[in-house]
> 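Quick one: the structure is below, questions incoming.
Every number for a ligand or one of its atoms is a count from 1 in the order of the listing.
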Amino acid sequence: MLWLETPTNPLLRIVDIGSLSAMARDRGATVAVDNTFATPFLQRPLELGADLAVHSTTKYIGGHSDVIGGAVCTNDDEWNERLRFLVKSAGAVPGPMDCFLTLRGTKTLHLRMERHCANAARVADFLAGHPSVGRVYYPGLPDHPGHELAVRQMKDFGGMVSFILADESIGAANRFLSSTRVFTLAESLGGVESLVNHPATMTHGSIPRDERLAAGLHDALIRLSVGIEDVDDLLEDLDRALARA
Ligand SMILES: Cc1ncc(COP(=O)(O)O)c(C=O)c1O
């Protein structure tokens, strides 16, 4: 099996689903794509040649940080049967309230994603032009190495933005992380409210440091899940936190 994730967490790298699926097919390998960051609204892995699209519905699909779940989607009958067998025999079945919250989330997915993308694009531009910021990772920025591919493969660039301060010390990152008021320091992502996260000590803290660094994940990287609030409130919050970093 070839397991892909695009955009990746937390460096927002873009992987070519179409060409990798074609290569995998030639070799008889199944292709699974973790589509959590993009959602089906922005990117459709099965149409690009993947066999399985996987989502943490905890994130954008639920959309309100109040339910945990996951989904595997396929257009392959054999995979469908195997997955259904697992669901009914292993008991991976969500409860009624979880289903209700997740289905309710799907009704506004398209509206929320439009706002997530619009706000994230403004945040990425703001950060890229700020003297206290060293590097910004957002596939919507023209200088992002995956930008051209993202234009072809995605409808828009998503709501996740990562960056490193110009002062690359952990101290500066910690001062920033403890200074935001609208962005809440928390691990999850994809909800209506904006969150800020420090991957090296939070979401990716269980990965050994040398492996993290080898993968390009800097100790001082900061990841934002840009919510759907008024964008001026978000920019003001970031500006204030940058001044204190
Ligand atoms: C890209 C991606 N896939 C999968 C998961 C796992 O999601 P869950 O916490 O719902 O198991 C996460 C969680 O952070 C994620 O970011």
> Using a 4.0 Å cut-off to any heavy atom of N9, which atoms of ligand 1 qualify?
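Near N9, the atoms of ligand 1 are 16 (O).
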> Between K59 and ligand 1, find which residue part has any heavy-atom pair under 4.0 Å and reply side chain, backbone, both or neither.
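Under 4.0 Å from ligand 1, K59 contributes side-chain atoms alone.
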> List every atom of ligand 1 that sits less than 4.0 Å from any heavy atom of D34, numbering the atoms from 1 in the order shown and giving each element.
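In order of numbering, the contacting atoms are 1 (C), 2 (C), 3 (N), 4 (C).
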> Please indicate whether any nitrogen or oxygen in T58 is less than 3.5 Å from any nitrogen or oxygen in ligand 1.
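Yes - when backbone and side-chain N and O of T58 are compared with those of ligand 1, one distance drops under 3.5 Å.
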> Does some non-hydrogen atom of the protein lie less than 4.0 angstrom from atom 16 (O) of ligand 1?
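Answer yes: something from the protein, a heavy atom, is under 4.0 Å.
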> Applying a strict 4.0 Å limit to heavy atoms, is G69 in contact with ligand 1?
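Right, G69 reaches ligand 1.
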> Please assess D125 against R122 for the test salt bridge (Lys or Arg N to Asp or Glu O under 4.0 Å), listing each intermediate value before the final yes or no.
CA-CA 5 Å; D125 279 343; R122 288 282 303 278; over 6 Å; no
> Less than 6.0 angstrom from the centroid, inside 45 degrees of the normal: does K155 satisfy that with respect to the ring of F41?
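Judged by the rule, K155 and F41 form a cation-pi pair.
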> Looking only at heavy atoms, which two atoms of A24 and V31 are closest? And how far apart?
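Reported closest heavy-atom pair: CB-CG2, 3.3 Å.
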> Please could you name the atoms of ligand 1 that S56 approaches to less than 4.0 Å, counting only its heavy atoms?
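That gives atoms 4 (C), 5 (C), 6 (C), 7 (O), 8 (P), 10 (O) of ligand 1.
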> In sequence, state the C-alpha distance, the side-chain angles, and the governing distance for R181 and E236, and then conclude on salt bridge (Lys or Arg N to Asp or Glu O under 4.0 Å).
CA-CA 10 Å; R181 287 188 210 152; E236 193 185 303; over 6 Å; no
> Could you walk me through whether H116 and Y60 pass the ring-ring contact (aromatic ring centres under 6.0 Å, His included) test, one step at a time?
CA-CA 10 Å; H116 281 297; Y60 288 104; 4.9 Å; yes
> Looking at D76, L83, V33, which hits side-chain contact (heavy atoms from CB on, under 4.5 Å) with L52?
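When side-chain contact (heavy atoms from CB on, under 4.5 Å) is applied between L52 and each of D76, L83, V33, only L83 qualifies.
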